[in-house]
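We number each residue from 1, following the sequence as shown. Each ligand, and each atom within it, is numbered from 1 in the order the structure gives.
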Amino acid sequence: MHSFEALGISGAMLETIKKMGFEQPTPIQEKAIPILLQEERDMVALAQTGTGKTAAFGIPLIEKCSADFSGTQALVLAPTRELCLQITADLNRFSEGVNRFSVVPVYGGSSISEQIKKIRRGAQIIVATPGRLMDLMERKAVHFETIRIVVLDEADEMLNMGFKEDIDHILASMPDERRIWLFSATMPSAIRKIAAAYMNNPEEVSVSHEQRTNENIEHQYAIVEDRHRYEALKRLVDFNTEMFAVIFCRTKIDTQKIAEQLMRDGYNADALHGDLTQQQRDRVMGSFRNKTLQMLVATDVAARGIDVSNITHVIHLNMPDEIEFYTHRSGRTARAGKKGISIALVGKRDTGKIKQIEKSTGIRMTRINLPTGPEVCKQRLVKLVHRLREVKVVESEIQDLLPAVYEDLLPLSKEEIIMRFTSLEFNHLLDYYRGAPDLNAIGKSSDRDSGGERFVTGDRLFINLGKMDGLDKGKLLSLICDRSGVQGHAIGKIDLKGAYSFFEVEPTHTANVREHLHGFEYRGRMVRIELTGKNEEGPRKEKRYGKPSGSGRFGKPRAERPFSKGKKKSGGDDWFSSKIKGW
Ligand code: AMP
């Protein structure tokens, strides 16, 4: 059993940790805290946000600083203002039981004279962005003589953001007798160089890939065409109505555009990027933190390091250019032991990045299919019915209103009331999704254009209808689509024979096609549909074919998990199914 008690932490600090609700140390805390507390050594620790790394250095930091001396004893460097504020908040919580202890954050975009005043009043710990610290050094507003510990937090991020020279300058200005604790999610050679130049035989601490990469995040991706990205995003949001999400875009312009588009379309979203004023950013972050804002559309830089609890989803509207950004983005969810989902919308040309991410981070990414229009509608209806069943009814409060309602509804049967209630809630959604295309880009776009094979993997179905039944390829395609409601592009190659034919179906639609065609009577013949092996003539036992030779880049996904997993068969006789079946 892992416990904080075993790590050598003082009784007072144990009390504080308990009050914060931390029951067990995380792996990085378990490894780093005893060394930082007991050994006078430099440390390089591999850990990303969300793994409890702030407490891993924060707890020993507070334990090692003295409240009796008001001079600055520790410096924490962090890449962004947001992260500075978060670290400061965490350090304040850890030092709650200590009298006269002051942690001062300093960062750009805020009054430097106010920050100087606070430092003058006494700051045992300064938490700074490198740029602002350089300004303060130039003004001789900070004194380093008494500093004994320097923490570099998210060191790789600071280098990515171009702070290398500032960090060199700051570290070179520190007293000789100081310890450096370096925390980084990745270990590029530039970090190794810093360690070699400024650190003395550092202890290296790292946790396993899974522990380092936050195993509470479920990593998923869907393959979409570029022109469908925004629609795909809306599908995800419409499907997951309780989503509380950060949506990452690559540029400030895209971020603003997507947020505005979402707002125009009636979603609760706003943008966070570097072109906003500090007040605007504070307002957006404020409403996101208190959950009045459901979706934060952000750039990598603006949302780096933010720690907002209960974020359910991180959506990558595009894959980031740098692999590290992927881990930083997805680390916004699944914080403090919670679970979360990261969904990347991947262009067909970007699928190689998935493999690169898996290889370099140890994360496993699962391919999903974006929900289709009918799936979104069904899901929403299920949720609505659930809410209807669960709603709290305070009879005494509505009693006076009920007679008039009863009178108005009297001519309607129970079935009619249910239909009207559903239509009231759903007509706009049904309108929107009627005929909406399947957004999953499965084959190469050129395949479609050339009329060649459309799928990388498809199911090949046998049907006991052919030329003898007066069918040509177009008529058979119409028959399949009209009966099943499946869009034409979900049907692949059609191989028309005399008394029977074969056709390919995107696997997510196979069940639907079989259900709606098998047993249906066509020109006096009972239609029979069977799943067959590829390249085999005539019906065979049920068998799916694997990756066709020379197929496209993706092959069959390792663990394809459509959103529709586990959904009930769409029963043909309920009103809703019949309503959406005809699309
Ligand atoms: P960090 O990796 O420092 O950004 O921390 C991620 C989140 O985990 C923060 O919200 C912390 O408050 C929380 N946290 C850190 N350590 C623990 C722990 N041992 N038990 C529960 N939550 C923790």
So which bit of Asp90 gets within less than 4.0 Å of ligand 1, heavy atoms only: side chain, backbone, both or neither? neither
Which atoms form the tightest heavy-atom contact between Arg281 and Gly274, and what is the distance? NH1-CA, 3.9 Å
Could you tell me whether Arg93 and ligand 1 have an N or O pair separated by under 3.5 Å? no
Compute the ring centroids of Tyr221 and His316, then answer whether they are less than 6.0 Å apart. no
Numbered atoms of ligand 1 (with element) below 4.0 Å of Asp307, judged on heavy atoms: 9 (C), 10 (O)
Just go through Phe183, Phe57, Phe22 and tell me whose heavy atom is the nearest to atom 18 (C) of ligand 1. Phe22
Check: Tyr198/Asp42 side-chain N/O donor and acceptor closer than 3.5 Å: no
Of all the atoms in ligand 1, which lie at a distance below 4.0 Å from a heavy atom belonging to Gln24? 18 (C), 19 (N), 20 (N)
Worked check of ring pair (Phe, Tyr, Trp, His ring centres under 6.0 Å) between Phe244 and Phe288: CA-CA 9 Å; Phe244 176 53; Phe288 191 58; 4.5 Å; yes
Is there a donor-acceptor contact under 3.5 Å from the side chain of Thr146 to the main chain of Gln73? no
I need the atoms of ligand 1 closer than 4.0 Å to a non-hydrogen atom of Thr54, numbered in the order shown. 1 (P), 3 (O), 4 (O)
Just which atoms of ligand 1 are under 4.0 Å from any heavy atom in Arg335? 1 (P), 4 (O), 6 (C)
Checking heavy atoms under 4.0 Å, the part of Gln29 that sits near ligand 1 is side chain
Can you tell me how far apart NZ (Lys359) and CD1 (Ile354) are? Round to the nearest 0.5 Å. 15.0 Å
Atom pair CZ/CZ of Arg380 and Arg387 - distance to nearest 0.5 Å: 9.0 Å
Atom 7 (C) of ligand 1: the protein heavy-atom neighbour that sits closest, reported with distance to 0.1 Å: Ala336 N, 3.7 Å
Geometry only, no angles: is Lys53 polar-contacting ligand 1 at N/O separations under 3.5 Å? yes
